[in-house]
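Report on one structure; see the data block that follows.
These numbers come from a predicted model, not from an experiment.
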Amino acid sequence: MTSADHAPADASAAPIAPTTDPLLLDEIERYYDAAPRSAARTEDFGPLTLFVRDGAGWPYYARPTLGHEGPAATAGDVLRVLARQRELGAPEAFEWISEHDPELRAAVEEAGLTVHEHPLLVLGPEDEPGAVPAPAERVEVRVLAADAPELAAALAVPRLAFADPGTGIGTLGAAELAVAEKELAADGTAWRVAERITAGTTVLAAALEDGTPLCAGQHNPVGPVTEVVGVGTLPSARRRGLGLAVTAALVAHARANGVRTVFLSAADEDVARIYRRAGFRPFATALIAEPGAPAGTAD
């Protein structure tokens, strides 16, 4: 998942070229294979593995099979997975790291999918987190317990953030948050996340003002590695540094609990520059393939 709630830095600055450590790349690749397994089953398609969620919850994707030593995936392999995803009513989506499986892009594009690139950034074992300015005095940033009364509202904030993408101040605010909070409480989402928090597979942090979540995000640890996901700010509360503050809280929690590698994928290079202020460095390119027109094509 990516985050797009921050104000952009100087858009004229050139992206920093990633330097990919193969050992760290393999560690993150193993994480990508392991993380969905706490809530999904797998189906084997040779060079590709399809993750299928168990019951309700986050819909998963297909990705390269970990440790596959045979021929690389072909367009035919991709089409077989797509047919199964349609049969299951699952999203037609593939996710992978370009530097680990560069040949997959040609196969998914031949199968008719559009590939989107996202900067993947890492805070490795030797990297120090950056200094992040404290939010305004009335804003409290903390990790939420499974029984926190703010849980459903905190989960609703990123949903509203991604419904109104961009970095500028938006119109969605308190009224929309109240509606979304009730929906997430009613459909069982808050209960499922609470279970994951109790199990230690998800950590949720939020920035709260007078008890109302204005920004929230998660990290999902698997052993010594975790991914920061879904950091989003209520559109009407953007441009206050809340996304960076929540990210810093997630990193601090991860490091305090034995995680040595924290990574994330950003929506674009503007957002990636913001995360670099928290100590993350460019590392690789995360690719997401799905049906749709190429970027810049009119609907």
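Put simply, the side chain of E95 never gets that close to the backbone of R63: no donor and acceptor are under 3.5 Å apart. Within the 3.5 Å criterion, the main-chain N or O of D33 finds a donor-acceptor partner in the side chain of R37. At least one donor-acceptor pair under 3.5 Å links the side chain of T114 to the backbone N or O of G292. Using modelled atom types, no side-chain atom of T285 and backbone atom of P119 make a donor-acceptor pair closer than 3.5 Å. No donor-acceptor pair under 3.5 Å is formed between the side chain of T261 and the backbone N or O of V225. The closest donor-acceptor contact from the side chain of E150 to the backbone of T212 lies at 3.5 Å or more, if one exists at all. For the pair D268 (side chain) and V271 (backbone), a donor-acceptor distance under 3.5 Å is present. Using modelled atom types, no side-chain atom of R238 and backbone atom of T167 make a donor-acceptor pair closer than 3.5 Å. Although no hydrogens or angles enter the test, the distance criterion places a donor-acceptor pair under 3.5 Å between the side chain of H118 and the main chain of A267. Checked by atom type and distance alone, the side chain of W96 never pairs as donor or acceptor with a backbone atom of L104 at under 3.5 Å.
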Evaluate side-chain contact (heavy atoms from CB on, under 4.5 Å) for L123 paired with R255, printing each intermediate quantity in order. CA-CA 10 Å; L123 193 65; R255 285 284 176 88; 3.6 Å; yes

Could you walk me through whether F94 and L287 pass side-chain contact (heavy atoms from CB on, under 4.5 Å), step by step? CA-CA 8 Å; F94 293 73; L287 299 181; over 6 Å; no

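For the atom pair D187 CG and R192 CZ, the distance stands at 6.0 Å (nearest 0.5 Å). One finds the CG atom of N220 at 5.5 Å from the CZ atom of R196 (value rounded to the nearest 0.5 Å). Note that CG of D44 and CG of L50 are 10.5 Å apart. Values are rounded to the nearest 0.5 Å. Remark: D127 CG to R281 CZ distance equals 4.5 Å, nearest 0.5 Å. The structure places OG1 of T42 at 11.5 Å from CG of L66, a figure rounded to the nearest 0.5 Å.
Residues E87 and R84 are paired through a salt bridge, judged by an N-O separation under 4.0 Å between the basic side chain and the carboxylate. Using a 4.0 Å cut-off between a side-chain N of Lys or Arg and a carboxylate O of Asp or Glu, R105 and E117 qualify as a salt bridge. Between R159 and E176 there is no salt bridge, since none of the side-chain N atoms of the basic residue sits less than 4.0 Å from a carboxylate O of the acidic one.
Counting non-hydrogen atoms of neighbouring residues, nucleotides and ligands closer than 6.0 angstrom, the CD atom of E110 reaches no more than 12 such neighbours.
Looking only at side-chain heavy atoms (C-beta outward), I28 and H100 stay at 4.5 Å or farther from each other. Two residues are said to be in side-chain contact when any heavy atoms from C-beta on lie closer than 4.5 Å; Y275 and V228 fail this criterion. Within the 4.5 Å cutoff, the side chain of S236 has no heavy atoms near those of the L172 side chain. With contacts defined as side-chain heavy-atom distances shorter than 4.5 Å, the pair L151/I197 qualifies. In this structure the side chain of L25 never reaches within 4.5 angstrom of the side chain of E29, judged on heavy atoms. At least one side-chain heavy atom of L155 sits less than 4.5 Å from a side-chain heavy atom of Q218. Using a 4.5 Å cut-off on side-chain heavy atoms (C-beta onward), V259 and P224 make no contact. The shortest distance between side-chain heavy atoms of F280 and V251 falls below 4.5 Å.
Note on L144: it does not cluster hydrophobically with V203, by side-chain heavy-atom contacts below 4.5 Å among ILVMFWY residues. Under the 4.5 Å side-chain contact rule for hydrophobic residues, V81 and Y60 do not share a cluster. Hydrophobic clustering, with ILVMFWY side chains joined whenever heavy atoms are under 4.5 angstrom apart, keeps L204 apart from V229.
A distance below 6.0 Å separates the ring centres of F263 and Y32.
Between E227 and S265, the shortest heavy-atom contact is OE2-OG, 4.3 Å. Of all the heavy atoms in E92 and P291, the pair that sits closest is O-CD, 3.1 Å.
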Determine all donor-acceptor pairs shorter than 3.5 Å in which one atom belongs to a side chain in residues 70-79; sequence neighbours excluded.
unit_1	atom_1	unit_2	atom_2	d
T74	OG1	G76	N	3.3
T74	OG1	D77	N	3.2
T74	OG1	D77	OD2	3.2
D77	OD1	R80	NH2	3.4
D77	OD2	T74	N	2.9

For residues 133-140, which side-chain N or O atoms pair as donor and acceptor with protein atoms under 3.5 Å away, sequence neighbours left out?
unit_1	atom_1	unit_2	atom_2	d
R138	NH2	D210	OD2	2.2
E140	OE1	R142	NE	3.3
E140	OE2	R142	NE	3.1

